[in-house]
2 protein chains.
Amino acid sequence: MSNKNVFLKKYFLMTRSEENYLKTIFHLGGGDSKSITTNAIAEQMETKPSSVTDMAKKLSEKGLVDYVRYQGVSLTAVGVKTALSIIRKHRLWEVFLVKKLDFTWDEVHEVAEQLEHIKSEKLVDKIDELLDFPKYDPHGDPIPTKDGKFQERDEKLLSEMPINSQGVCVGVKDSSVPFLKFLDKNRIALGNTIKVLDKEDFDNSLRIQMDGKEMRISHQIAANLYVKKND
Amino acid sequence: MSNKNVFLKKYFLMTRSEENYLKTIFHLGGGDSKSITTNAIAEQMETKPSSVTDMAKKLSEKGLVDYVRYQGVSLTAVGVKTALSIIRKHRLWEVFLVKKLDFTWDEVHEVAEQLEHIKSEKLVDKIDELLDFPKYDPHGDPIPTKDGKFQERDEKLLSEMPINSQGVCVGVKDSSVPFLKFLDKNRIALGNTIKVLDKEDFDNSLRIQMDGKEMRISHQIAANLYVKKND
DNA sequence: AATTAAATTTAGACAAATCTAAAAATAGAT
DNA sequence: ATCTATTTTTAGATTTGTCTAAATTTAATT
Ligand SMILES: [Mn+2]
Ligand SMILES: [Mn+2]
Ligand SMILES: [Mn+2]
Ligand SMILES: [Mn+2]
């Protein structure tokens with residue numbers, strides 16, 4: 001390989017593994033100059049702390065993270081930007097799979113984990129355009145704009161809503177396949193209007209009214225559903 | 001990694017590199033139990049013969065190629081099937097990029113080289129459906145069906161057409177970016193009707209009529225355009 | 001302040017995919 | 001049949017990303 005290409009490789013081209021580390025660090029809060037520990041990253045990525053240390057050095061070398069031995073890593077400005085561009089791709093692909101190819105919301109994550117690493121700026125932008133610039137992914141997570149800005153939304157967990165308040169279900173905190181399938185089975189979907197009728201002190205379960213129908217849901221469910229409060 | 005996963009990895013999961021080797025061997029004719037030489041593969045893939053030897057052993061171990069030392073490799077039945085599934089994905093993605101995202105035919109190959117390695121049977125099938133089961137890619141290359149069958153087409157090179165015969169331009173033999181851009185510049189596109197008016201003995205150039213307009217093209221151009229003869 | 005437990009890093013190993021240089025086999029030409 | 005040029009393989013090294021086991025640092029507890 002030529003000298004120029006070695007330079008390009010070292011400073012611009014991201015490997016899939018590097019991209020996954022950046023994404024994980026961001027999701028753990030490392031975008032706000034908060035230090036994320038080696039163990040936390042290892043656990044999240046189902047890898048070993050020693051592997052994380054190796055990668056921390058490499059990403060630090062590339063100027064993508066700040067790394068202090070024994071103290072953990074946080075993302076630099078460039079690191080944040082890079083992480084956001086991967087998250088943007090991931091979420092846009094998820095929307096594409098649901099809206100254009102009839103995937104269900106519990107099927108998209110695994111495929112998006114692969115598609116997010118495709119390198120083509122034009123491709124992402126065109127997918128964005130094809131989808132009419134969506135602001136949220138199928139799980140209600142915000143899609144960063146091209147210049148890395150997030151859509152903020154005034155939302156709270158259903159479990160924290162007061163009795164008699166109501167709102168629209170806009171997202172899930174847990175987006176694991178079992179939880180999403182559970183929601184499908186119980187006809188709980190994003191966009192549904194939910195009113196809190198009553199709370200049970202004993203087990204923190206909720207009695208709710210959803211699109212006319214009444215039902216009881218456990219605290220664990222309510223603590224994983226985001227609701228946008230009606231004005 | 002568990003024992004079962006090691007087994008799965010060894011016998012079912014293909015790496016990107018393995019997939020690229022299979023594809024190349026197929027394109028060099030290794031699908032018809034013809035032996036492809038180490039050097040030919042190395043040249044095509046811009047790698048070194050020693051690397052090809054290593055991979056030949058690995059693919060042989062996995063039952064995807066027949067490999068005889070010093071004699072080259074050919075694809076097994078499983079190898080052909082695997083190669084075709086990758087080629088199918090590549091060409092379907094190329095169609096998708098052109099038809100749905102307004103990519104030009106000289107832009108799609110590079111991105112398809114990445115997309116062809118995405119692992120999701122449902123994704124390919126749904127893309128196929130979205131495109132209404134196309135039979136040819138943007139360069140006129142046939143798209144293998146799900147069960148690995150090719151659409152044959154009665155086509156010949158424009159350079160081999162007799163004087164006064166005519167047909168429809170259906171494909172390119174050379175699909176390099178410069179050639180495709182040259183065709184665009186000269187308004188030569190798939191679907192155009194071409195009639196051979198005259199051939200020049202001196203340089204083998206052709207005088208043709210294309211959609212009404214007359215023009216002269218060199219032998220090199222004519223030898224890289226596929227034409228479907230009118231009945 | 002010293003001890004101990006937990007987190008983190010280092011050292012050394014390994015698999016995948018590649019390379020260079022040297023050795024071996026094949027094929028072509030006398 | 002022998003020589004020779006070419007092709008192909010082997011041997012050994014390198015890079016990336018991972019692991020285990022041992023050493024080190026930090027944090028918590030007495
Ligand atoms: Mn996801
Ligand atoms: Mn999502
Ligand atoms: Mn192509
Ligand atoms: Mn093509």
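Lettering follows sequence order; numbering is per chain, from 1.
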Inset, instruction - Can you sort out which residues in residues 21-39 of chain B have a heavy atom within less than 4.0 Å of DNA chain C? Ascending by number, please. - result: B:Tyr21
Inset, instruction - Would you please name every residue forming a ring pair (Phe, Tyr, Trp, His ring centres under 6.0 Å) with A:Phe96, sequence neighbours left out? - result: A:Trp93, B:Phe96
Inset, instruction - Taking atom types as modelled, find out whether A:Asn20 and A:His117 have a side-chain donor-acceptor pair closer than 3.5 angstrom. - result: yes
Legend entry - 4.5 Å side-chain heavy-atom contact, A:Leu75 and A:Phe26: yes
Inset, instruction - Indicate whether OP1 or OP2 belonging to C:dT18 is found under 4.0 Å from a side-chain N or O atom of B:Ser51. - result: no
Legend entry - Which nucleotide in D:dT18, C:dT10, D:dT10 has an atom nearest any side-chain atom of A:Thr53: C:dT10
Legend entry - B:His109 ring center within less than 6.0 Å of B:His90 ring center: yes
Inset, instruction - Verify the contact: side-chain N or O of B:Tyr70 to OP1 or OP2 of D:dT10, cut-off strictly under 4.0 Å; return yes or no. - result: no
Inset, instruction - Would you kindly check whether a donor in the side chain of B:Ser50 faces an acceptor in the base of D:dT8, or vice versa, at under 3.5 angstrom? - result: no
Legend entry - C:dT10 OP1/OP2 closer than 4.0 Å to side-chain N/O of A:Arg69: yes
Inset, instruction - Side chain of B:Lys48 only, please: which of D:dT26, C:dT20, D:dT18 is the nearest? - result: C:dT20
Legend entry - A:Ser35 (side chain) donor-acceptor with A:Ser74 (main chain) under 3.5 angstrom: no
